[in-house]
Amino acid sequence: MRVATWNVNSVRARCERLLAWLEAHRPDVVCLQEIKCLDEQFPREPVEDLGYNIETFGQKTYNGVAILARTRIEDVVRGMPGDDESSQRRVIAATVGDVRYINAYVVNGEKVGSEKYAYKLEWMARLADYAHGVAREYEATVLTGDFNVTFDDRDVHDPEAWREKILCSTPERDALRRIQGEYYRDAMRKFTEEKGAYTWWDFRTGAFRGDRGLRIDHFLVTPAAHERAREFFVDREERAGEKPSDHAPVFLALD
DNA sequence: ATGGTGGGTTCCCCA
């Protein structure tokens, strides 16, 4: 069974690419972030025609997340405890088969020390509480998405240039470790201890040419899911070509 | 130190 996470940076702008990618890879479960549209604007029909069930938690203009699966999607939960009607829509959770999925689009944080940065750290603390509760309830849980944080310098093409910058600062990394807690492991590290496997490259600096990327899209998995992890890869091909997202899809295969 | 590009919206915000 293969699970993919992808920050699509607008599902409508990426629709053609998404459909071709679904057809080519046929992932069993897909967690999308930044769909940037209302639920009713999601291109349901072409995705359903490829055999996917769809659950969305959309928002106008910004944010928005969705789960697609080739089998039944059950017990869908939108948002987190503490959210209200006006909250940014960044989390959707559901069960597919015997695995619980939490699909998260973590706050970007703009700049270290900014208001958005403070909000990011608060938001990550809330995600930690929520994710720990889910992990206590479901033995096999996969917490995936765009975390907008690197774990350590191996996730950064140029650690000195990014030292204590947004996506790389110590408080953000501490917050990411607190989300892991004693419950979750970084599934990628089951497969390699090497630097690289970047998942995001800045449009503005043309970072993809030269592979000046960061690894900020992650699979955090409970021990039961970690045991079942068989393969991990970043679909760099999807970052190339016409009108790509700034993120590549990331795959995890589970037994 | 700044700005570069890209998506969505609307006379600018967010990443």
Side-chain angles (χ1 to χ4, degrees), chain A residues 5-21 31-44 46-47 56-66 79 83 86-92 103-124 127 144-150 155-158 160-169 171-173 175-176 198-218 234-250:
Chain A
T5 183
W6 189 13
N7 179 325
V8 286
N9 188 14
S10 169
V11 73
R12 289 176 295 171
R14 218 66 58 213
C15 192
E16 267 188 54
R17 285 194 76 132
L18 172 66
L19 297 174
W21 174 82
C31 293
L32 299 176
Q33 303 87 39
E34 278 206 277
I35 62 172
K36 289 186 171 179
C37 66
L38 297 166
D39 294 328
E40 58 267 32
Q41 295 172 317
F42 192 97
R44 297 189 70 91
V47 173
T56 61
F57 190 39
Q59 179 183 332
K60 191 183 175 187
T61 311
Y62 305 120
N63 311 313
V65 286
D83 281 347
S86 68
S87 297
Q88 297 177 8
R89 297 185 167 193
R90 295 178 172 276
V91 179
I92 186 170
N103 175 18
Y105 171 47
V106 173
V107 175
N108 173 281
E110 190 196 12
K111 196 168 186 256
V112 174
S114 67
E115 264 180 52
K116 286 173 187 163
Y117 181 75
Y119 176 62
K120 179 180 196 172
L121 297 178
E122 287 167 27
W123 194 91
M124 289 180 77
L127 178 61
T144 188
D146 176 3
F147 287 78
N148 269 319
V149 183
T150 54
D155 296 343
V156 185
H157 70 283
D158 184 350
E160 292 318 314
W162 284 86
R163 184 74 59 213
E164 295 302 332
K165 297 287 199 318
I166 196 69
L167 316 181
C168 300
S169 72
E172 290 168 274
R173 287 178 175 177
L176 183 57
Y198 307 132
T199 65
W200 171 82
W201 300 261
D202 199 336
F203 283 133
R204 289 170 286 193
T205 52
F208 190 61
R209 299 180 293 281
D211 197 21
R212 297 187 301 276
L214 301 180
R215 187 173 75 99
I216 56 176
D217 301 87
H218 304 300
V234 180
D235 181 11
R236 296 172 58 96
E237 259 181 59
E238 190 53 45
R239 181 59 177 80
E242 289 294 303
K243 275 174 66 98
S245 168
D246 46 353
H247 294 252
V250 186

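In the text below, chain A, chain B and the rest are named by the order of the sequence lines, each starting its count at 1.
Among residue pairs with one or both ends in residues 200-214 of chain A, those qualifying as side chain to side chain donor-acceptor pair (under 3.5 Å) are A:Trp200-A:Asp246, A:Trp201-A:Asp211, A:Asp202-A:Arg204, A:Asp211-A:Arg236; sequence neighbours excluded.
Among the heavy atoms of the strands lying under 4.0 Å from A:Arg90 are primed sugar atoms or P, OP1, OP2 only; no base atom is included. Note on A:Thr61: only backbone sugar-phosphate atoms sit closer than 4.0 angstrom, heavy atoms only; bases stay farther off. A:Tyr105 comes within contact range of the sugar-phosphate backbone alone, with a heavy-atom separation under 4.0 Å but no base atom that close.
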Trace of the side-chain hydrogen bond (donor to acceptor under 3.5 Å, both in side chains) decision for A:Thr150 with A:Asp155: CA-CA 6 Å; A:Thr150 54; A:Asp155 296 343; 5.4 Å; no

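When the C1' atom is compared between B:dA1 and B:dC13, the two are found 22 Å apart, to the nearest whole Å. Nucleotides B:dT10 and B:dC14 place their C1' atoms 14 Å apart, quoted to the nearest Å. Comparing B:dT9 with B:dG3, their C1' atoms are spaced 22 Å from each other, to the whole Å.
Toward the 5′ end of DNA chain B lies the nearest nucleotide of A:Gln41, the other residue of the pair A:Gln41 and A:Asp146 mapping further downstream. Between A:Lys243 and A:Glu110, the one whose closest nucleotide on DNA chain B sits nearer the 5' end is A:Lys243.
For the residue pair A:Glu34 and A:Asn7, a side-chain donor N or O sits within less than 3.5 Å of a side-chain acceptor on the partner.
The heavy-atom pair separating A:Arg17 from A:Arg239 by the smallest distance is NH2-N, 4.4 Å.
Around the CD atom of A:Glu164, the shell of radius 6.0 Å holds more than 12 heavy atoms that belong to other residues, nucleotides or ligands.
Looking at A:Thr199, A:Asp217, A:Thr5 one by one, the single match for side chain to side chain donor-acceptor pair (under 3.5 Å) with A:His247 turns out to be A:Asp217.
On the nucleic acid side, DNA chain B has its first and last nucleotide under 4.0 Å of a heavy atom of chain A at B:dG4 to B:dA15, going 5' to 3'.
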